[in-house]
Amino acid sequence: MFIRAYLRASTITQDALRAKESLIDFVQSKGLKIASFYHENESGRTLKRPKLMELLEEASEGDIILVESIDRLTRLTSQEWDILKLMILQKGLQITSLDLPTSHMALGIESQDDTTRSILNAVNNMLIDILATMACKDYEQRRSRSKQGIEKAKAKGMYKGRPENKERNSLIEKMLNEGYTYSEIQTATSASRATIAKIKMR
């Protein structure tokens with residue numbers, strides 16, 4: 001069993017590694033170690049996250065996906081969450097989240113008998129589904145409130161939009177011209193693929 005920590009922040013201005021020490025302390029308290037870290041600045045609303053896909057590709061049956069909270073793993077719609085769940089299930093992986101105590105049992109699940117293990121898995125999977133639904137709902141509510149705020153600001157002539165990150169975008173443009181791949185540019189700049197594509201089309 002390998003423990004693979006996944007850390008995510010939505011934007012380049014947020015620190016994806018903020019929770020790293022908390023994850024390390026938690027695992028050490030169990031007498032275990034984290035085998036690898038995967039961190040990225042991508043929206044939890046998209047399934048196409050390079051580092052998450054890398055984790056799933058490298059993981060083997062019985063490995064643990066460790067997250068600070070379920071919303072770090074998903075803010076997906078129910079349909080896309082079902083897809084991600086199936087990918088995790090097909091690889092035989094378990095999710096452990098710091099904010100979900102029932103999921104901590106996955107770190108010592110080998111010591112449970114088959115019946116107890118099945119019951120714990122069923123309860124834990126149900127709770128993960130609930131938290132995933134809440135994370136999706138929270139995302140949609142915040143987007144709705146943000147949109148309402150922007151509309152009010154526009155009506156008052158006060159909305160100017162998000163300022164362009166000229167230094168980062170200049171680097172992206174340079175790397176595109178030099179033939180770097182989207183993945184390489186994302187790693188270097190933490191920009192989304194949509195941003196890179198937009199700059200490429202200029």
Side-chain angles (χ1 to χ4, degrees), residues 3-27 34 37-56 59 64-89 91 93-107 120-155 158-163 165 186 190-195 198:
I3 300 174
R4 302 178 183 275
Y6 177 71
L7 302 107
R8 181 191 65 78
S10 297
T11 68
I12 192 171
T13 58
Q14 296 173 326
D15 184 8
L17 293 173
R18 174 189 54 77
K20 185 174 181 178
E21 290 303 320
S22 297
L23 296 182
I24 292 173
D25 291 344
F26 168 75
V27 169
I34 295 174
F37 291 88
Y38 305 80
H39 60 89
E40 59 190 345
N41 291 78
E42 293 286 349
S43 171
R45 192 65 167 184
T46 177
L47 186 56
K48 296 178 181 178
R49 284 174 260 158
K51 288 298 180 180
L52 177 58
M53 294 301 108
E54 181 181 323
L55 185 160
L56 294 175
I64 301 292
I65 301 175
L66 177 66
V67 292
E68 178 192 19
S69 58
I70 297 300
D71 65 9
R72 297 303 86 198
L73 182 62
T74 175
R75 288 189 183 276
L76 299 167
T77 62
S78 59
Q79 293 86 353
E80 289 200 313
W81 170 235
D82 285 342
I83 293 172
L84 179 56
K85 277 196 303 181
L86 181 60
M87 295 169 71
I88 292 171
L89 178 64
K91 293 285 290 192
L93 310 179
Q94 294 281 342
I95 299 170
T96 294
S97 176
L98 264 60
D99 69 342
L100 185 58
T102 56
S103 70
H104 302 176
M105 298 177 190
L107 298 174
L120 290 175
N121 276 335
V123 171
N124 188 56
N125 289 338
M126 178 187 69
L127 292 174
I128 288 175
D129 275 341
I130 291 171
L131 290 175
T133 299
M134 291 172 62
C136 175
K137 184 176 180 180
D138 176 67
Y139 173 89
E140 291 172 347
Q141 288 176 335
R142 288 192 293 116
R143 291 272 294 193
S144 178
R145 288 194 296 267
S146 177
K147 184 178 180 180
Q148 290 171 358
I150 290 172
E151 291 302 321
K152 287 181 180 179
K154 282 182 177 179
M158 298 170 59
Y159 182 71
K160 298 180 180 179
R162 184 180 298 174
N165 188 332
Q186 281 188 290
S190 297
S192 68
R193 298 180 79 86
T195 296
K198 185 178 179 180

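Since we're looking at a predicted model, the values are computed, not measured.
- Looking at S69, its side chain never comes within 3.5 Å of a backbone N or O of D99 through a donor-acceptor pair.
- Considering every non-hydrogen atom in both K85 and D129, the closest pair reads NZ-OD1, 2.9 Å.
- Within a 6.0 Å sphere centred on NE2 of H39, other residues, nucleotides and ligands contribute 12 heavy atoms or fewer.
- Looking at S192 and T195, their side chains do bring a donor and an acceptor atom within 3.5 Å of each other.
- Put simply, CZ on F37 and NZ on K20 are 5.0 Å apart, with the number rounded to the nearest 0.5 Å.
- Taking CD1 of I130 as the start and CG of L100 as the end, the distance is 9.5 Å to the nearest 0.5 Å.
- With hydrogens and angles disregarded, no donor-acceptor distance shorter than 3.5 Å links the side chain of D138 to the backbone of M134.
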*Residue pair L84, L56: steps toward the side-chain contact (heavy atoms from CB on, under 4.5 Å) verdict*: CA-CA 10 Å; L84 179 56; L56 294 175; 4.0 Å; yes
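- Scanning all heavy atoms of the two residues, the minimum distance from S97 to S103 falls at N-OG, 2.9 Å.
- Atom CG in L66 sits 6.5 Å away from atom CZ in F26 (nearest 0.5 Å).
- Minimum heavy-atom separation, C136 to R45: SG-NH1, 3.1 Å.
- Remark: T74 OG1 to E80 CD distance equals 8.5 Å, nearest 0.5 Å.
- Contact check on E54 versus R4 returns no salt bridge, with no Lys/Arg side-chain nitrogen under 4.0 Å from an Asp/Glu carboxylate oxygen.
- Considering all non-hydrogen atoms of both residues, A19 and L7 come closest at C-CD2, 3.8 Å.
- Taken to the nearest 0.5 Å, the CD1 atom of I64 stands 4.5 Å off from the OG1 atom of T96.
- Pairing each heavy atom of A5 with each of I34, the nearest pair is CB-CG2, 3.9 Å.
- E40 and Q186 share no donor-acceptor pair across their side chains, judged by distance under 3.5 Å alone.
- Among E68, K51, R72, R49, the single residue meeting the side chain to side chain donor-acceptor pair (under 3.5 Å) criterion with Y6 is R49.
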*Check against side-chain contact (heavy atoms from CB on, under 4.5 Å), L23 and V67*: CA-CA 7 Å; L23 296 182; V67 292; over 6 Å; no
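- T102 and N124 share a side-chain donor-acceptor pair at under 3.5 Å.
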_Would L131 and D71 count as a side-chain contact (heavy atoms from CB on, under 4.5 Å) here? Give the steps._
CA-CA 8 Å; L131 290 175; D71 65 9; over 6 Å; no
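- Between E42 and P50, the closest side-chain pair of non-hydrogen atoms falls below 4.5 Å.
- Residue S10 holds its OG atom at 6.5 Å from CZ of R75, rounded to the nearest 0.5 Å.
- Residues L47 and L76 approach most closely at N-CD2, 3.6 Å, considering heavy atoms.
- The number of heavy-atom neighbours closer than 6.0 Å to CE of M87, taken from other residues, nucleotides and ligands shown, is above 12.
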